[in-house]
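First the structure, in the form of structure tokens, and then the observations on it.
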Amino acid sequence: MPDRLRLAARHRRALEALLRQYLPGVEVWAYGSRVNGRGHEGSDLDLVLRGLRLEKIPIARLMDFEEAVRESTIPFLVEARDWARLPERFHREIEREYVVVVGGDPS
């Protein structure tokens, strides 16, 4: 994850560990102010979650991940959205500028 997201190494490691634990095999992209240069260290982190074959991620898994992030030491808001539940126009907006945070499962 490039430094341009302005994440301290310990927060980046914590986030990646939570993603691996709660959303294994899910490709995760960051977008929004931390990617486009308008963010700062306290800005929220916008994530889009791309499940296997771009299928919907079960709501329970999303909720478990969000709760784990809230209970973590990550000191800023993390907004996670499921790609499969977003409108196509939002896909196009995200695709203009994003950073891959975690790659998906190749299988």
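Because the structure is predicted, anything quoted here is derived from the model rather than measured.
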Distance from [X] atom [atom1] to [Y] atom [atom2], nearest 0.5 Å?
{"X": "Tyr31", "Y": "Leu45", "atom1": "OH", "atom2": "CG", "result": "9.5 Å"}
{"X": "Glu95", "Y": "Glu88", "atom1": "CD", "atom2": "CD", "result": "7.0 Å"}
{"X": "Leu18", "Y": "Glu71", "atom1": "CG", "atom2": "CD", "result": "10.0 Å"}
{"X": "Arg85", "Y": "Lys56", "atom1": "CZ", "atom2": "NZ", "result": "5.0 Å"}
{"X": "Phe65", "Y": "Leu47", "atom1": "CZ", "atom2": "CG", "result": "6.0 Å"}
{"X": "Arg10", "Y": "Arg12", "atom1": "CZ", "atom2": "CZ", "result": "11.0 Å"}

With the side chain counted from C-beta on, respond yes when [X] and [Y] share a heavy-atom pair under 4.5 Å apart, and no when they do not.
{"X": "Arg61", "Y": "Pro24", "answer": "yes"}
{"X": "Ile94", "Y": "Leu86", "answer": "yes"}
{"X": "Leu23", "Y": "Leu49", "answer": "yes"}
{"X": "Val26", "Y": "Val102", "answer": "no"}
{"X": "Leu7", "Y": "Arg34", "answer": "yes"}

Over all atoms of both residues, closest heavy-atom pair of Glu55 and Asp82: O-OD1, 4.3 Å
Distance-only donor-acceptor hits, side chain of residues 72-81, under 3.5 Å, sequence neighbours excluded:
residue	atom	partner	partner atom	Å
Ser72	OG	Val69	O	2.7
Ser72	OG	Ile74	N	3.1
Glu79	OE1	Arg81	NH1	3.3

Aromatic ring pairing Trp29/Trp83, orientation class (parallel under 30°, perpendicular over 60°, tilted between):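 Correct class here is perpendicular.
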